[in-house]
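Notes for the one structure printed next.
Since this is a predicted model, take the numbers as computed values, not measurements. All values below were derived from every heavy atom in this structure, side-chain atoms included, with hydrogens, water molecules and symmetry-related copies excluded. Quick note on labels: first sequence line is chain A, next is B, and so on, each numbered from 1.
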Protein chains: 2
Amino acid sequence: MSKKTTIYDIAESLGISPATVSRSLNDHPSISEKTKKKVLEAAKETGYRINKFASNLSLQKSNTIGVIVPRLNSDFMSTVLSGIETIANNAGYNLVISQSLELEEKEKFNTKTLFESGVDALLVSLANETMNYDHFSIFTDRKIPLLFFDRVIDLPNCPTIIIDNEAAGYQATEHLIQQGCKHVIHVSSGLNRSVYKLRYAGYRKALKDAGQNFRERVIQVDNFSPPETKKVIDYIKKSEIPIDGIFVSSDSLAVYIIKELRSNGYNVPNDIKVVGFNNDPVAQVITPELSTIEYPGYKMGKLAGQSILSHLNGSINIETADQIILKHRLIIRESSQK
Amino acid sequence: MSKKTTIYDIAESLGISPATVSRSLNDHPSISEKTKKKVLEAAKETGYRINKFASNLSLQKSNTIGVIVPRLNSDFMSTVLSGIETIANNAGYNLVISQSLELEEKEKFNTKTLFESGVDALLVSLANETMNYDHFSIFTDRKIPLLFFDRVIDLPNCPTIIIDNEAAGYQATEHLIQQGCKHVIHVSSGLNRSVYKLRYAGYRKALKDAGQNFRERVIQVDNFSPPETKKVIDYIKKSEIPIDGIFVSSDSLAVYIIKELRSNGYNVPNDIKVVGFNNDPVAQVITPELSTIEYPGYKMGKLAGQSILSHLNGSINIETADQIILKHRLIIRESSQK
DNA sequence: GTAATTTATGTAACCGGTTGCGTAATTGGT
DNA sequence: ACCAATTACGCAACCGGTTACATAAATTAC
């Protein structure tokens with residue numbers, strides 16, 4: 001395999017034209033079986049490999065799908081990505097994945113980079129920081145399929161895949177109230193993204209329906225990493241009214257909170273009950289096991305992949321913007337049971 | 001932005017040649033500042049965007065790095081990927097990520113796909129199943145940089161990034177013995193990959209050095225998912241000699257084992273001490289906290305990215321195969337303390 | 001046996017940048 | 001004012017497939 005062979009090399013060695021070689025390799029109907037066979041053999045012998053650069057240029061498509069996520073290393077997101085990859089891979093598409101790290105600037109940069117690199121479609125879960133969505137217009141203007149999942153925004157002709165976050169927030173809170181909690185607080189990251197805003201809305205609605213709306217209290221953390229736990233614990237310790245329930249918008253933070261509560265002498269669930277979000281694997285291995293909202297990440301990824309593929313195949317009219325809402329489920333475990 | 005503008009459009013509108021436009025856009029030294037300015041302005045006004053397909057074809061490079069990992073959705077791997085992405089993104093490279101799902105066939109397929117799509121370099125962490133490595137020759141034959149990390153194989157001119165798995169296995173086992181364990185078993189996935197083989201070797205060596213080599217026993221699990229826990233628990237229950245120490249090659253499995261042990265009435269660490277591997281976040285939130293080997297995944301990812309970039313930039317001679325060994329560290333927590 | 005079809009292949013333009021080489025234009029030296 | 005050295009830019013080939021259209025060859029029709 002010293003130097004690469006091209007369709008021109010094959011054409012010359014077989015005494016036919018490059019066009020015929022190209023058509024043979026693509027199984028074009030107007031080429032005789034005999035010729036196709038000859039070409040295929042020659043291709044195999046010479047170790048011919050298609051030059052995608054040339055093919056992409058000619059066809060103006062790359063068989064590549066771009067993905068922008070806030071971060072790769074979260075249980076939920078890597079599970080979603082795994083689902084997307086599975087679908088894309090089976091369909092022969094490559095996946096270009098990049099992280100925004102929750103920064104609007106980086107999301108903009110990645111959007112532009114992926115556009116220029118010629119992805120056939122883009123899947124996005126928005127950064128927390130992002131307030132302006134103009135950077136996506138290079139995709140929407142040119143009718144390049146653009147889909148949002150989890151952290152979504154409603155743009156014309158862009159499908160979204162979500163769960164009913166408000167209902168989930170409502171159920172989590174309602175459950176805590178039903179378990180006897182009188183002062184449930186909510187721990188969330190910034191409320192810029194609709195996922196968090198809606199969970200918060202659900203939380204408030206549940207309190208209101210229970211006649212506790214004056215007790216609404218949300219603790220905003222910068223992110224779901226361990227150091228943020230302190231803010232929550234401090235609030236609880238200083239609170240004049242005794243906090244007896246916490247609805248956390250993330251399992252990973254919820255488990256740190258539980259751990260910290262316990263080492264501060266609180267009994268979970270007897271003193272304080274906790275419900276998380278996502279149903280990360282960790283929820284089942286900590287003590288006490290964490291009640292949470294099941295969020296079907298793998299399924300979301302597969303659906304995102306399938307949805308975008310059907311747009312690319314034209315089997316769905318690109319103008320038909322659709323919204324897919326996946327089922328969530330409250331999972332009651334030890335951390336919230338009286 | 002109706003139709004896309006090309007360098008030909010700009011050339012025509014400015015009355016200059018496409019070559020000059022191209023050179024201006026690339027800040028070529030032999031173009032006057034005046035002309036460059038004109039071109040840049042025209043480019044901005046018309047919303048010109050480079051066509052990477054054409055550029056790639058001409059330059060025979062894609063500014064893209066391929067990655068093949070066993071699976072995306074593991075704490076460790078997604079952390080490594082996060083590190084790779086950070087480096088690649090900062091250097092203006094795209095990352096095409098695919099999963100082998102531990103299958104040799106899929107790894108072969110992905111290798112071929114990534115080759116054909118023209119990645120400038122390939123980073124691989126091998127599938128458990130892979131026994132034959134010929135599929136990588138399309139890369140090595142053409143001197144396309146190929147690097148292995150974590151699950152590596154020694155191929156000519158391919159850098160590898162690893163930790164000293166044998167030493168880590170030794171230390172984990174030695175620690176258990178020092179804590180008084182008399183019958184330490186090892187839980188590992190298939191021993192095909194060197195990471196696992198070496199940890200096992202370290203385990204055996206530690207036993208041998210302690211004069212316990214006749215007690216060596218490894219439990220092989222198919223993967224590190226919860227259902228595999230049963231095999232381990234069953235073994236321990238049925239064992240005639242009382243097992244009092246477990247060295248597990250994965251934190252995620254170790255925590256399930258601990259959980260299952262506890263619900264079977266064993267006290268960890270008093271009855272059985274456990275050491276895991278990786279230092280996943282979960283290790284710090286379970287009860288008891290899990291002793292483990294710290295495996296610097298993010299750093300490994302960054303180094304993999306940097307190493308491959310320096311190969312691409314030619315700052316390292318491609319012929320100089322190198323091996324980077326990262327520092328690991330035994331972290332002693334509750335699960336292994338007497 | 002000749003015209004009308006059908007089938008198989010070739011021609012050449014196109015996708016949109018990149019770059020070696022040649023040349024015109026500008027600057028400099030004396 | 002004349003020749004040399006720079007500097008700035010254009011020409012044209014090239015990267016390697018793809019495909020509309022034209023054409024030659026093989027079949028079928030009558």
query: Going 5' to 3' along DNA chain D, which nucleotides are the first and last within contact of chain B (any atom under 4.0 Å from a heavy atom)?
result: D/dA8 to D/dG16
Indicate, with a heavy-atom threshold strictly under 4.0 Å, whether [X] touches base, sugar-phosphate, or nothing.
{"X": "A/L59", "value": "sugar-phosphate"}
{"X": "B/T6", "value": "sugar-phosphate"}
{"X": "A/N56", "value": "nothing"}

task: Determine: side-chain N/O of A/S58 to OP1/OP2 of C/dC14, distance under 4.0 Å, yes or no.
output: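 Answer is no, no contact under 4.0 Å.
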field: Validation row, ring centre B/F136 to ring centre B/F148 under 6.0 Å
entry: yes
Sequence neighbours excluded, every pair satisfying salt bridge (Lys or Arg N to Asp or Glu O under 4.0 Å) that has a member inside residues 78-98 of chain A: none
task: Sequence neighbours left out, what pairs pass salt bridge (Lys or Arg N to Asp or Glu O under 4.0 Å) with at least one residue falling in residues 25-37 of chain B?
output: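 Applying salt bridge (Lys or Arg N to Asp or Glu O under 4.0 Å) to every pair that reaches into residues 25-37 of chain B, excluding sequence neighbours, yields B/D27-B/K36, B/E33-B/K36.
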task: Apply side chain to side chain donor-acceptor pair (under 3.5 Å) to B/K302 and list each qualifying residue two or more places apart in sequence or on a separate chain.
output: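 Side chain to side chain donor-acceptor pair (under 3.5 Å) check on B/K302 returns nothing, list empty.
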message: Using C1' atoms of five pairs at each end, report the bend of the helix from C/dG1-D/dC30 to C/dT30-D/dA1 rounded to 10 degrees.
response: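 Here the helix ends are tilted 40° relative to one another.
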query: Quick check: does any side chain N or O of A/R151 sit under 3.5 Å from a backbone N or O of A/L126, one acting as donor and the other as acceptor?
result: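 The answer is yes, because a donor-acceptor pair under 3.5 Å joins these two groups.
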query: Is A/Q323 close to A/D154 at the side-chain level, that is, under 4.5 Å between some pair of heavy atoms?
result: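 SC-SC contact between A/D154 and A/Q323 ruled out.
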query: How does each nucleotide of nucleotides 4-13 of chain C score, in 5' to 3' order, for protein heavy atoms under 4.0 Å: base (B), sugar-phosphate only (S), or none (-)?
result: ----BBBB--
